[in-house]
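Residue numbering restarts at 1 for every chain, and letters A, B, ... go by the order of the sequence lines.
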Protein chains: 2
Amino acid sequence: MTAPAPDPLDTVFAALADPTRRAILTMLLEDDMAVTDVAHPFAMSLAAISKHLAVLAEAGLITQEKRGRVKWCKLEPDALRAASVWMQGFGQFDPVDLDAFERFLETELGPDQDSLS
Amino acid sequence: MTAPAPDPLDTVFAALADPTRRAILTMLLEDDMAVTDVAHPFAMSLAAISKHLAVLAEAGLITQEKRGRVKWCKLEPDALRAASVWMQGFGQFDPVDLDAFERFLETELGPDQDSLS
DNA sequence: CCAATCGTCAACCATCCGGTTGAATATGCT
DNA sequence: AGCATATTCAACCGGATGGTTGACGATTGG
């Protein structure tokens, strides 16, 4: 119990602060993926991606299930709910604007990332 | 221009990842405040709070206007919109649940923080 | 003018973070 | 058995982060 139980919002927001991790979440939005497949589009070692996935899992944003020798990563959108609720308190935004979200996917992934069409 | 323009979401989420900074935002939700007054409830030096405010300002979450010798801090809720929109893409949440937000304010501030009732 | 107040700056420190590499540990295939 | 694949572990590195303290420039008030 060396860790004094940090606020869940700490870990969730910290996890979301990294562009690589946000990109991973976006990928998992489409489908569950194995670690190696998650790593494939990135110019980064597999171990680095493995760490990123650990951070996401720690924050509860994904779950990982090992089936055979491959570990499957699954998005857990509920973990975002607390953070979303917290943010909604600051100035009532448009409830759900999925068009804007689509646009954000574009800018997040960038035009140089064609393997995720 | 040594900084290669990081994604705004990076800085916003990173700013939100710190509990002190979230508490500051919550305080500013009630009213604009001077730096010293912001610092008052925290068991931390003024310089530390000054840095936190700089991070929040960098992320666009607050603006600071120096009037006389006191610098006023003002919440800028619009900066949260992009982040909010991004998050809404992951599993459509309840549009706006302010009851849940109230409950979160409780747990965020804790019962030991009476100066903000 | 002088002193107190407001806030930042600069240096320093410990720790965390994001990345690397190389070895180690499964598991699956033939 | 033996080799390839999938993933993590461990050690390491440079740079960012969160905090401290002390000095400093502005501004205000007596």
Side-chain angles (χ1 to χ4, degrees), chain A residues 2-25 27-28 31-59 61-74 108, chain B residues 1-25 27-28 31-59 61-74:
Chain A
T2 56
D7 191 317
L9 288 182
D10 290 14
T11 53
V12 169
F13 281 130
L16 294 179
D18 187 282
T20 303
R21 287 193 290 261
R22 287 198 307 276
I24 291 175
L25 291 180
M27 291 186 237
L28 292 178
D31 224 334
D32 298 1
M33 296 178 78
V35 174
T36 306
D37 296 332
V38 170
H40 187 250
F42 297 96
M44 186 183 312
S45 75
L46 184 61
I49 296 294
S50 183
K51 282 191 195 178
H52 279 303
L53 290 170
V55 172
L56 290 171
E58 188 70 21
L61 292 166
I62 68 169
T63 51
Q64 298 181 281
E65 182 198 358
K66 191 170 167 188
R67 208 156 37 196
R69 70 177 158 180
V70 32
K71 202 170 188 176
W72 292 91
C73 306
K74 182 185 190 315
E108 268 296 292
Chain B
M1 60 182 72
T2 57
D7 191 316
L9 288 183
D10 291 14
T11 52
V12 169
F13 280 130
L16 294 179
D18 187 282
T20 301
R21 287 192 290 260
R22 287 199 307 277
I24 291 174
L25 291 180
M27 291 187 237
L28 292 179
D31 224 334
D32 298 2
M33 296 178 77
V35 174
T36 305
D37 296 331
V38 170
H40 187 249
F42 297 98
M44 187 182 312
S45 74
L46 182 62
I49 296 295
S50 182
K51 282 191 195 176
H52 279 303
L53 289 170
V55 171
L56 290 171
E58 188 69 21
L61 292 166
I62 67 170
T63 51
Q64 298 182 281
E65 181 199 358
K66 191 170 168 189
R67 209 157 36 198
R69 71 176 157 183
V70 30
K71 203 170 185 176
W72 292 92
C73 306
K74 181 184 190 317

- Message: Need one value for A/Ala54: base, sugar-phosphate or nothing, where a base atom within 4.0 Å counts as base even if backbone is also close, heavy atoms only.
- Response: nothing
- Query: Given C/dG19, is OP1 or OP2 found less than 4.0 Å from the side-chain N or O atoms of A/Ser45?
  - Reply: no
- CD of A/Glu65 versus P of C/dT27: gap in Å, rounded? 14 Å
- Query: Given that B/Ala47 and A/Arg67 both sit by DNA chain C, which one's nearest nucleotide is further toward the 5' end?
  - Reply: B/Ala47
- Message: On the side chain of B/Lys66, is there an atom forming a donor-acceptor pair with the base of C/dG7 - under 3.5 Å, no angle test?
- Response: no
- Measure the NZ-OG distance between B/Lys51 and B/Ser45 for me, rounded to the nearest 0.5 Å. 8.0 Å
- Task: For B/Ile49 and C/dC9, give me the distance from atom CD1 to atom C1', rounded to whole Å.
- Result: 17 Å
- Reported CH2-to-CE distance for the pair B/Trp72 and B/Met33, which is rounded to 0.5 angstrom: 9.0 Å
- Task: Name the residue closer to the 5' end of DNA chain D, choosing between A/Lys51 and A/Trp72 according to the nucleotide with the nearest heavy atom.
- Result: A/Trp72
- OP1 or OP2 of D/dT8 less than 4.0 angstrom from a side-chain nitrogen or oxygen of A/Lys71, does that happen here? yes
- C/dG7, C/dT27, D/dG19: which one has an atom nearest the side-chain heavy atoms of A/Arg69? C/dT27
- Without swapping roles, check the side chain of B/Arg22 against the backbone of B/Leu16 for a donor-acceptor pair under 3.5 Å. yes
- Query: What is the distance from CG of B/Leu53 to C1' of C/dC9, rounded to the nearest Å?
  - Reply: 16 Å
- Closest listed nucleotide, where the reference is the side chain of B/Val35 and the choices are D/dT8, C/dG18, C/dT8: C/dT8
- Of the listed D/dG19, C/dT8, D/dA6, the closest approach to the A/Thr36 side chain comes from D/dA6
- Message: Under 4.0 Å from OP1 or OP2 of C/dG7: is there any side-chain N or O of B/Ser50 that close?
- Response: no
- Roughly how many Å is it from NE2 in B/His40 to C1' in C/dT5, rounded to a whole number? 15 Å
- Task: Nearest whole angstrom, please: distance from the P of D/dT7 to the CE of A/Met33.
- Result: 11 Å
- Euclidean distance, B/Met44 CE relative to B/Thr20 OG1, rounded to 0.5 Å: 4.0 Å
- Item | Whole angstrom value for the distance that separates P of C/dT8 from CD of B/Glu58 | 14 Å
- Item | Closest to the B/Val70 side chain, choosing from C/dT20, C/dC6, C/dT8 | C/dC6
- Per atom distances to the B/Leu46 side chain, the nearest of D/dG19, C/dG7, C/dT20 is C/dG7
- Task: Could you tell me the separation between the NZ atom of B/Lys74 and the CG atom of B/Leu28, rounded to the nearest 0.5 Å?
- Result: 10.0 Å
- Task: Check the distance between C/dC9's C1' and B/His52's NE2 and give it to me in whole angstrom.
- Result: 17 Å
- Item | Separation of atom CG in B/Asp10 from atom C1' in D/dA16, rounded to whole Å | 13 Å
